[in-house]
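Side-chain atoms are counted along with the backbone in the values below, which use heavy atoms only and exclude waters and symmetry mates. All figures in this text were calculated on a predicted structure; none of them were measured in a lab.
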Amino acid sequence: VQLQASGGGLVPPGGSLRLSCAVSGLDLGYYDIGWFRQAPGKEREVVSCIRSSDGRTSYTDSVKGRFTISRDNAKSTAYLQMNRLKPEDAAVYYCATHHFSVYFGGNYCARDAFDYWGQGTLVTVSS
């Protein structure tokens with residue numbers, strides 16, 4: 001199983017980026033997807049998740065209304081559209097996936113529920 005995250009870069013505050021996560025080695029239609037981020041000196045945190053079964057999504061409070069997670073199972077790819085970026089959004093962004101039957105502490109979007117991870121893509125928000 002391989003996950004390849006891409007789309008990071010340098011954008012000014014208020015700008016937009018679209019991250020992609022190409023997944024190979026499994027049928028993504030049976031897997032939930034999460035996006036996480038890790039800023040220097042901080043722990044990796046969940047940003048957003050999307051379920052395989054019904055497409056239900058969840059977002060951390062700080063990105064609600066600005067970020068949108070989506071998936072295209074036919075292309076085996078997930079996306080994170082990030083709008084109105086803020087300096088505090090700067091981090092390495094990781095995509096991850098787990099089988100839809102997996103939960104951690106009853107939460108499908110918990111970091112420990114995910115067992116396949118991509119290598120990360122760097123997002124820098126600066127003028």
Side-chain angles (χ1 to χ4, degrees):
V1 178
Q2 289 189 327
L3 288 80
Q4 182 73 40
S6 61
L10 171 64
V11 292
S16 297
L17 281 175
R18 188 194 196 201
L19 305 184
S20 297
C21 177
V23 184
S24 61
L26 50 79
D27 185 344
L28 196 59
Y30 295 98
Y31 285 76
D32 297 342
I33 298 162
W35 283 97
F36 296 77
R37 65 186 179 188
Q38 188 168 17
K42 295 188 177 181
E43 290 195 357
R44 191 172 300 187
E45 63 173 353
V46 63
V47 176
S48 181
C49 297
I50 184 167
R51 300 231 58 179
S52 62
S53 55
D54 56 9
R56 181 159 44 107
T57 59
S58 63
Y59 298 90
T60 193
D61 285 346
S62 63
V63 308
K64 285 180 180 177
R66 300 188 298 122
F67 290 13
T68 303
I69 190 171
S70 62
R71 60 191 295 156
D72 185 335
N73 292 339
K75 295 183 177 180
S76 199
T77 302
Y79 305 96
L80 185 68
Q81 178 67 44
M82 305 187 295
N83 298 328
R84 291 183 280 134
L85 282 159
K86 303 176 181 180
E88 52 264 40
D89 294 318
V92 177
Y93 282 71
Y94 300 87
C95 58
T97 191
H98 67 74
H99 191 264
F100 72 86
S101 62
V102 174
Y103 293 80
F104 186 85
N107 183 3
Y108 85 98
C109 198
R111 186 179 65 183
D112 288 343
F114 290 86
D115 42 14
Y116 299 111
W117 291 81
Q119 85 291 355
T121 185
L122 178 63
V123 173
T124 304
V125 185
S126 175
S127 54

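- Note on L28: it does not cluster hydrophobically with V102, by side-chain heavy-atom contacts below 4.5 Å among ILVMFWY residues.
- Y116 and F100 end up in the same hydrophobic cluster when Ile, Leu, Val, Met, Phe, Trp and Tyr side chains are linked at under 4.5 Å.
- Between S76 and V23, the shortest heavy-atom distance links the atoms OG-O, 2.6 Å.
- Taking the ring centre of Y79 as origin, the terminal cationic atom of R18 falls inside the region bounded by 6.0 Å and 45° from the ring axis.
- W117 does not carry R111 over the face of its six-membered ring by the limits of under 6.0 Å from the centre and within 45° of the normal.
- Side-chain contact check for L80 versus V47: some heavy-atom pair is nearer than 4.5 Å.
- Hydrophobic clustering (side-chain heavy atoms under 4.5 Å, transitive across Ile, Leu, Val, Met, Phe, Trp, Tyr) groups I33 together with V63.
- Heavy-atom minimum distance, I50 versus G55: CG1-O, 3.7 Å.
- Side chains of S16 and N83: a donor-acceptor N/O pair is present below 3.5 angstrom, by distance only.
- The shortest heavy-atom contact between H98 and A113 is CB-O, 3.1 Å.
- Shown here for I69 and Y59, the closest heavy-atom pair between the two residues is N-OH, 2.9 Å.
- Between V125 and L10, the closest side-chain pair of non-hydrogen atoms is not below 4.5 Å.
- Atom CD in Q119 sits 7.0 Å away from atom SG in C95 (nearest 0.5 Å).
- The backbone N or O of S52 lies less than 3.5 Å from a partner atom in the side chain of D32, making a donor-acceptor pair.
- Residues V92 and L17 fall into different hydrophobic clusters, defined by Ile, Leu, Val, Met, Phe, Trp and Tyr side chains chained together at heavy-atom separations under 4.5 Å.
- For the atom pair OG1 (T121) and CH2 (W35), the distance works out to 7.5 Å, reported to the nearest 0.5 Å.
- When all heavy atoms of C109 and V46 are compared, the closest pair comes out as SG-CG2, 3.5 Å.
- In the displayed structure, E45 atom CD is contacted under 6.0 Å by more than 12 heavy atoms of other residues, nucleotides or ligands.
- Take Y31 and apply the ring-ring contact (aromatic ring centres under 6.0 Å, His included) test, not counting sequence neighbours, and it matches H99.
- Using a cut-off of 4.0 Å between Lys/Arg side-chain N and Asp/Glu carboxylate O, D54 and R51 are scored as not salt-bridged.
- Annotation: salt bridge (charged side-chain N to carboxylate O under 4.0 Å, His left out) contacts involving residues 83-102, sequence neighbours excluded, comprise R37-D89, R66-D89.
- Looking at heavy atoms from C-beta onward, Q81 lies out of side-chain contact with F67 at the 4.5 angstrom threshold.
- Ring-centre distance between F36 and F114: below the 6.0 Å cut-off.
- Atom OG in S53 sits 8.5 Å away from atom OH in Y108 (nearest 0.5 Å).
- Counting all heavy atoms, side chain and backbone alike, S126 lies closest to P13 at C-CD, 3.7 Å.
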